[in-house]
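Note sheet for the following structure.
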2 protein chains.
Amino acid sequence: MSSNIRRSMPLFPMGIVMQLTELSARQIRYYEEHGLISPARTEGNRRLFSFNDVDRLLEIKELIEQGVNLAGIKQIFAARQSTMPSNEPVAETVKEKVKKPDLTDEELRKLLRAELVEAGRFNRTSLRQGDMARFFH
Amino acid sequence: MSSNIRRSMPLFPMGIVMQLTELSARQIRYYEEHGLISPARTEGNRRLFSFNDVDRLLEIKELIEQGVNLAGIKQIFAARQSTMPSNEPVAETVKEKVKKPDLTDEELRKLLRAELVEAGRFNRTSLRQGDMARFFH
DNA sequence: TTTGTGATGTAAGAAAATATAACATATCAT
DNA sequence: ATGATATGTTATATTTTCTTACATCACAAA
């Protein structure tokens with residue numbers, strides 16, 4: 001499903017993610033340092049977080065609040081990765097590699113934009129305004 | 001509906017919006033200057049755009065490509081505002097004003113976070129990861 | 001108790017991203 | 001030709017984020 005593209009698209013800067021998660025920059029960077037998340041970077045090396053990244057940070061935060069340490073969280077994530085069949089079969093990943101060998105961030109955004117325009121056109125005439133939201137279903 | 005909160009939440013910095021819309025910073029600022037959008041600001045005065053803002057910019061871009069000038073676009077938006085009954089009845093706006101008299105950005109983000117946590121909990125155990133996306137339906 | 005480790009805070013300095021303002025330019029209708 | 005509209009460009013200031021280093025605090029192990 002192409003919603004994965006959307007959910008993994010680098011969109012948010014550090015400041016927003018801090019507010020969204022109520023984590024400190026230090027914490028977020030520390031979690032990255034330990035491989036729990038891998039936000040994208042701008043050309044200028046600023047972190048850009050995706051919806052997935054924010055999701056993950058919220059999970060991390062919850063687990064930490066429940067007393068799990070980073071090592072534990074790492075295991076939990078790893079276990080999930082290996083034991084869960086995953087919505088997106090591995091083949092899909094391969095297929096994507098084949099069909100789109102290394103989408104750049106810019107290409108990704110073009111894709112998103114295209115979908116947005118389309119989604120917007122959808123309920124623009126009949127409703128009052130484009131709804132970027134329905135884009136995430 | 002509370003999806004309005006989400007759709008109007010200030011999330012994106014200028015750089016991302018430029019890529020998402022393929023508009024120049026100059027253009028985006030110019031459109032704001034002429035009242036076509038009103039992005040929020042950080043404490044430090046940086047613009048923060050919402051999904052709605054991006055939607056609007058994409059609309060503006062399309063209309064401009066179709067030869068409509070800013071004055072025309074302004075009229076179109078104004079007309080939409082007044083003639084369309086709007087999904088969200090006016091009463092709702094009033095109600096929100098009554099129940100939540102002036103939500104700050106921070107409060108808005110707390111709301112979003114809360115919903116995210118909940119949404120995450122939903123398909124976290126049975127699926128592989130939280131799905132911030134389903135949050136936007 | 002002392003020591004070590006994990007998780008986070010804080011501060012310094014550099015670099016990137018963005019802000020406003022001013023001036024330039026191209027198109028187009030008058 | 002003139003003037004307005006829309007956008008590009010440049011300069012300068014400010015904010016935001018980056019990395020690195022050191023401080024701290026809680027807790028487990030020795």
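Side chains are part of it too, since the values below use all heavy atoms of this structure and drop only hydrogens, waters and symmetry mates. Proteins get letters first, then strands, A, B, ... in listed order; numbering begins at 1 in each.
Axis deviation across the helix from C/dT1-D/dA30 to C/dT30-D/dA1 amounts to 20°, comparing end segments of five pairs, rounded to 10 degrees.
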Can you give one letter per nucleotide of nucleotides 6-20 of chain D, going 5' to 3': B for a protein heavy atom under 4.0 Å from the base, S for sugar-phosphate only, - for none? BBBB----BBBBBB-
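Proximity of a side-chain donor or acceptor of B/Lys74 to a complementary backbone N or O of B/Gly35 within less than 3.5 Å is not detected. B/Asp55 contributes no side-chain N or O that, together with a main-chain N or O of B/Asn52, makes up a donor-acceptor pair within less than 3.5 Å.
Taking both residues in full, the closest heavy atoms of A/Leu11 and B/Ile16 are given as O-CG1, 3.2 Å, listed atom of the first, atom of the second, then distance. Closest approach of A/Asp53 and A/Pro39 over heavy atoms only: OD2-CA, 3.7 Å.
Listed by chain and residue number, A/Gln27 satisfy the side-chain hydrogen bond (donor to acceptor under 3.5 Å, both in side chains) test with A/Ser24 (two or more places apart in sequence, or in another chain). For A/Asn69, there are no side-chain hydrogen bond (donor to acceptor under 3.5 Å, both in side chains) partners two or more places apart in sequence or in a different chain.
Every pair passing salt bridge (charged side-chain N to carboxylate O under 4.0 Å, His left out) that includes a residue from residues 43-52 of chain A is listed here, sequence neighbours excluded: A/Glu32-A/Arg47.
Protein chain A touches strand DNA chain C; the 5'-most and 3'-most nucleotides with an atom under 4.0 angstrom of its non-hydrogen atoms are C/dG6 to C/dA17.
Cation-pi geometry between B/Arg56 and B/Phe77 is met: the NZ or CZ atom falls under 6.0 Å from the ring centre, inside 45° of the normal.
Once rounded to the nearest 0.5 Å, the distance linking CD of B/Gln75 with CD1 of B/Ile73 reads 11.5 Å.
Side-chain contact between B/Gln66 and B/Lys61: absent, with no pair of heavy atoms (C-beta onward) separated by less than 4.5 Å.
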